[in-house]
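For reference, the structure discussed in these notes is given below.
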Amino acid sequence: MNSRLPWGLMNSSSTPCAPDQLHGIHQAVIQWFSRAGRDLPWREPACSPWGVLVSEIMLQQTPVVRVLPIWREWLDRWPTPADLAAASPADVVRAWGRLGYPRRALRLHAAATEIADHHDNQVPENHSELLALPGIGSYTAAAVAVFAFGQRYTVVDTNIRRVQARLFSGKALPSKTLTAAETRLADQLMPEDIAESVKWNQSVMELGALVCTARSPKCDECPVFDQCAWIAAGRPEPDYVPKGQSWHGTDRQVRGAIMAVLRHSPSPVSVDLLLTDRAGAEQLASRIENPGQQTADMLEKLWALPAPLEQRERALGGLLKDGLATRHGDEASLPS
DNA sequence: AAGCCGTGGAC
DNA sequence: TGTCCAAGGCT
């Protein structure tokens with residue numbers, strides 16, 4: 001839709017743009033994907049639903065390039081849900097490496113256990129059953145239903161939201177939080193044909209990832225530049241400033257540093273060592289017995305953080321609460 | 001519903 | 001260097 005047409009005056013229950021124009025957009029975006037879409041292993045027809053599910057969890061807030069090598073390791077090591085379920089949480093968290101948000105690893109492990117125990121080791125095709133699994137929310141449930149099982153289901157991720165905001169709403173960015181209107185729009189935009197709807201979901205997501213990006217969109221490469229409402233409106237600025245994620249000095253930073261120590265350490269780590277700072281570490285030097293060079297490096301980084309004891313305790317407490325760490329006596333380790 | 005939860009590449 | 005942000009989910 002663009003300013004040459006009066007669709008913007010229509011109410012929210014109407015169609016987003018003329019049927020003919022929508023069909024043209026479908027064809028243009030899907031054709032673009034067939035030419036410019038990336039060859040990713042979880043898009044191979046031979047990839048199992050389990051492989052798709054693992055990829056979707058890993059891709060939550062983590063870029064493709066960082067997921068690729070870990071995904072391959074996981075599928076080689078744990079080719080079915082039961083294989084992952086048989087592993088210990090500690091091994092799972094270590095294999096997760098530095099993908100970030102390690103709670104995802106625990107939830108995926110829990111989901112694998114549930115699939116192995118209650119779904120005959122087969123990833124469920126039903127959207128409601130997918131949604132009931134730990135770590136699987138509305139996006140991931142829809143993504144697995146669509147990309148693993150070829151269903152016609154409305155997928156709404158950050159890429160699709162951004163493309164919709166620009167192409168149809170003429171805004172630079174989608175709203176801060178997902179709205180019912182966005183989901184309704186995504187639903188209205190989907191082709192009726194099942195196979196086409198799958199391609200559409202895949203293609204729009206890829207367009208948002210490669211061309212219609214958050215910063216510096218490559219509009220000169222866009223297959224629907226001429227139809228874009230944001231372009232027609234003169235590329236207006238966002239009507240709000242995205243709130244950046246703080247990092248330095250936060251509990252998250254301390255949690256990350258503690259997790260790095262636990263991941264690298266082959267044996268439980270003294271809680272005193274985890275909770276002290278650089279100055280305190282001097283006094284504890286006599287208690288450090290061959291932690292291993294890598295563990296020592298991670299400890300150094302943890303000690304170097306400008307975090308008071310109270311914050312270090314809070315961070316470790318959070319990890320214990322989340323099941324990412326366990327404590328036995330005066331030692332802590334990854335959960336066994 | 002607004003904030004929390006990791007990590008590192010790009011600019 | 002600092003800031004932004006990436007196929008979200010959970011509380």
DNA chain C contacts among residues 313-325 of chain A, heavy-atom distance under 4.0 Å: none

Proximal nucleotide (of dG8(C), dA7(C), dC5(B)) relative to the Thr140(A) side chain: dG8(C)

Partner residues of Asp277(A) under the side-chain hydrogen bond (donor to acceptor under 3.5 Å, both in side chains) criterion, sequence neighbours left out: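 Here no residue qualifies.
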
Cluster check Leu130(A), Val156(A): I/L/V/M/F/W/Y, side chain < 4.5 angstrom: no

Co-membership, hydrophobic cluster, residues Trp74(A) and Tyr101(A), 4.5 Å side-chain: no

Pairs under 3.5 Å (N/O, protein and nucleotides 7-9 of chain B):
| residue | atom | partner | partner atom | Å |
| --- | --- | --- | --- | --- |
| dT7(B) | OP1 | Arg263(A) | NH1 | 3.2 |
| dT7(B) | OP1 | Arg263(A) | NH2 | 3.3 |
| dT7(B) | O2 | Arg66(A) | NH1 | 2.8 |
| dG8(B) | OP1 | Arg98(A) | NE | 2.8 |
| dG8(B) | OP1 | Arg98(A) | NH1 | 3.0 |

If I pick the [atom1] atom on [M] and the same atom on [N], what distance separates them, to the nearest angstrom?
{"N": "dC4(C)", "M": "dG3(B)", "atom1": "P", "result": "16 Å"}
{"N": "dT1(C)", "M": "dG8(B)", "atom1": "C1'", "result": "15 Å"}
{"N": "dC5(B)", "M": "dA7(C)", "atom1": "P", "result": "22 Å"}

Residue met sooner reading DNA chain C from 5', once Pro134(A) and Arg38(A) are mapped to nucleotides: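 Taking each residue's closest nucleotide, the earlier one in sequence belongs to Arg38(A).
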
Which residue lies more 5' along DNA chain C, comparing Gly137(A) with Leu173(A) via nearest heavy atoms: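 The residue mapped nearer the 5' terminus is Leu173(A).
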
Donor-acceptor side-chain pairing of Thr140(A) and Gln60(A) below 3.5 angstrom: yes

